[in-house]
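Down below is the structure, laid out as structure tokens.
To find a chain, count down the sequence lines: A is the first, B the second, and so on, and within it residues start at 1.
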Protein chains: 2
Amino acid sequence: MFNFVVAIINYLLLMDTEQELNEKQLQIMTKALEVFSEKGFDATSVRDIAQSADVNVAMISYYFGSKEKLLEAIFLNRIGSMKARIESIIHSRTHDPMQKVDLLIDNYIDVIVENRTFHLLMMREQVLLKEGKLYGYIRDMKQQNRTLIEVAVKAGQKSGIFQKNIDVSMLAMTFFGSINHFFSTYRYVCDSNTSEQQQETDQAEALEKLKNHLKVMFKAFLTYGISNKK
Amino acid sequence: MFNFVVAIINYLLLMDTEQELNEKQLQIMTKALEVFSEKGFDATSVRDIAQSADVNVAMISYYFGSKEKLLEAIFLNRIGSMKARIESIIHSRTHDPMQKVDLLIDNYIDVIVENRTFHLLMMREQVLLKEGKLYGYIRDMKQQNRTLIEVAVKAGQKSGIFQKNIDVSMLAMTFFGSINHFFSTYRYVCDSNTSEQQQETDQAEALEKLKNHLKVMFKAFLTYGISNKK
DNA sequence: GAAAATTAATTAAACGTTTGTTTAATTCAA
DNA sequence: TTGAATTAAACAAACGTTTAATTAATTTTC
């Protein structure tokens, strides 16, 4: 009887924490993420996933319970690693506030590039979510993102080179809005007739342009009126 | 025989131009747009639409041919009126470039507010589209949006109060990215516990903050380095 | 360490719903 | 009386999930 209770408690504790995932599970999650981000969650059937991951349809219910819970597992897995990466950006010690802005922009964009398919899926699904686990995950991440901007702004204000009157939430809106917009509409601006190789270099170039633009723009805004007062 | 050919030509011409829509068709389109933007296109069934619009399911196929073509009809209808509104912003004669920036920001955001549900739907679906009519519609609109930014920037550069080194496509990325991000994630930041009335005033306040922030930020960026050179 | 027993992984088939669309009959308006 | 509008019912296909049987892997027993 005692063992039974312990088993239940362990199960409940395990539910929302990192689960040990075997190779097959990871294979399904990886391929499912690919298809989800390409076709959208609702337009993707479990048979699409099964075919893409080269497993039997029943394996999805067997391992994850349902298509919905598979999505949750993917989110838990990916959002976890993304949050850890962003956490390290927040705590990176840089004494020069200007340098901190550069570092923040470069590193955040790199994180998105590394998690591109997941980022696309998240961008798409967040618009629909009203409640549930996924809503909570995304809300948490947005809060973390806000902190990312906040620490950089406060550091610059403390050393007197950034102006005092900064609306952090609006600055975050501009920062994440610009980046999300870039990644979700890039294919509308690029030339799809060129070779795959050319497209890659074009995109690397565009990424550099984006990074540089954000740096210049934010520095202009953050220091607006400061140099004139001297 | 001749009449037959004329009929076909008329039909083909009518396909991509403004169609005369009766009341029932408009009713279906309006309600369908509501449900699409709330649940997403793929997650919405034709029976959902029929129930919401208070018509028989068969009416959707009868009037529009298919669920897909209903979406196309909605896009053709809404994107048309939105493009016309944006066109008028582009051609609005304002001699002061600074004033032009203010006008552009205020008016564009107002257009989105007026077409909020459609804007949400478009934001969501654009991520998935690779080809087809809708892809073309959105691509056209994005081109128009770019022009919106371009004319304002060039006007300011001509009168010498904006700096010469401006990347229009990146500025557009920041502008539309910020606004889209605001409208697609606003509910993540607002307090859902307050009354509906309170939420409306909160949102009006947030909209003013957004407008003001964009004005200040863009002016800082556009005039960056100009005042120092004097 | 081989055989037996137990658990886990995998499968094809079937389940009951729901999907978008069509049909054929009926009502309505001109 | 003709053509358009509207309906309930039916359609096949696709959906997510479950079942029951089989294979593979692991653990227990001797």
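- One can place CG of B:N56 at 12 Å from C1' of C:dT26, the figure rounded to the nearest angstrom.
- Heavy atoms only, all atoms of each residue included: A:I60 and A:A50 are closest at CD1-N, 4.1 Å.
- Taking for each of B:V57 and A:D42 the nucleotide of DNA chain D with the nearest heavy atom, the 5'-most of the two is the partner of B:V57.
- Between the P atom of C:dA9 and the CG atom of A:L26 lies a distance of 13 Å, rounded to the nearest Å.
- Across the protein-nucleic acid pair, B:F64 atom CZ and D:dT6 atom P stand 12 Å apart, rounded to whole Å.
- The side chain of A:K24 places an N or O atom within less than 4.0 Å of a non-bridging phosphate oxygen (OP1 or OP2) of C:dT10.
- Distance A:L71 CG to D:dG16 C1': 15 Å, rounded to the nearest Å.
- Among A:F75, A:Y137, A:F183, the one residue that satisfies the ring pair (Phe, Tyr, Trp, His ring centres under 6.0 Å) test with A:F118 is A:F75.
- Rounded to whole angstrom, the span from the CD atom of B:Q51 across to the P atom of C:dT19 amounts to 11 Å.
- The B:S61 side chain lies nearest to C:dT21 when the options are D:dT17, D:dT7, C:dT21.
- Proximity note for A:M59 (side chain, C-beta onward) versus C:dT21, C:dT10, D:dC15: the nearest is C:dT10.
- A side-chain donor from one of B:D202 and B:Q198 sits under 3.5 Å from a side-chain acceptor of the other.
- Note: CG (A:D48) to C1' (C:dT19) measures 15 Å, nearest angstrom.
- The side chain of B:R47 lies closest to C:dT21 when the candidates are D:dC15, C:dA12, C:dT21.
- What separates CD1 of B:I60 from P of C:dG20 is a distance of 9 Å, to the nearest Å.
- Look at A:K31 and A:D48 and you find no salt bridge, because none of the NZ, NE, NH1 or NH2 atoms lies under 4.0 Å from a carboxylate O.
- Comparing C:dA9, D:dA5, C:dT21 against the side chain of B:N22 picks out D:dA5 as the nearest.
- One can place CD1 of A:I28 at 15 Å from C1' of D:dG16, the figure rounded to the nearest angstrom.
- B:T117 and B:N115 form no side-chain donor-acceptor contact under 3.5 Å, judged by distance and modelled atom types alone.
- The side chain of B:Y63 places no N or O atom within less than 4.0 Å of a non-bridging phosphate oxygen (OP1 or OP2) of D:dA4.
- Picking from C:dA9, D:dA4, D:dT19 the nucleotide with the shortest atom distance to the side chain of A:A58 gives D:dT19.
- Between C:dT11, C:dT19, C:dT22, one nucleotide has an atom nearer to the side chain of B:S45 than all others, and that is C:dT19.
- When the side-chain nitrogen and oxygen atoms of A:Y62 are compared with OP1 and OP2 of C:dA9, one or more of them lie within a distance under 4.0 Å.
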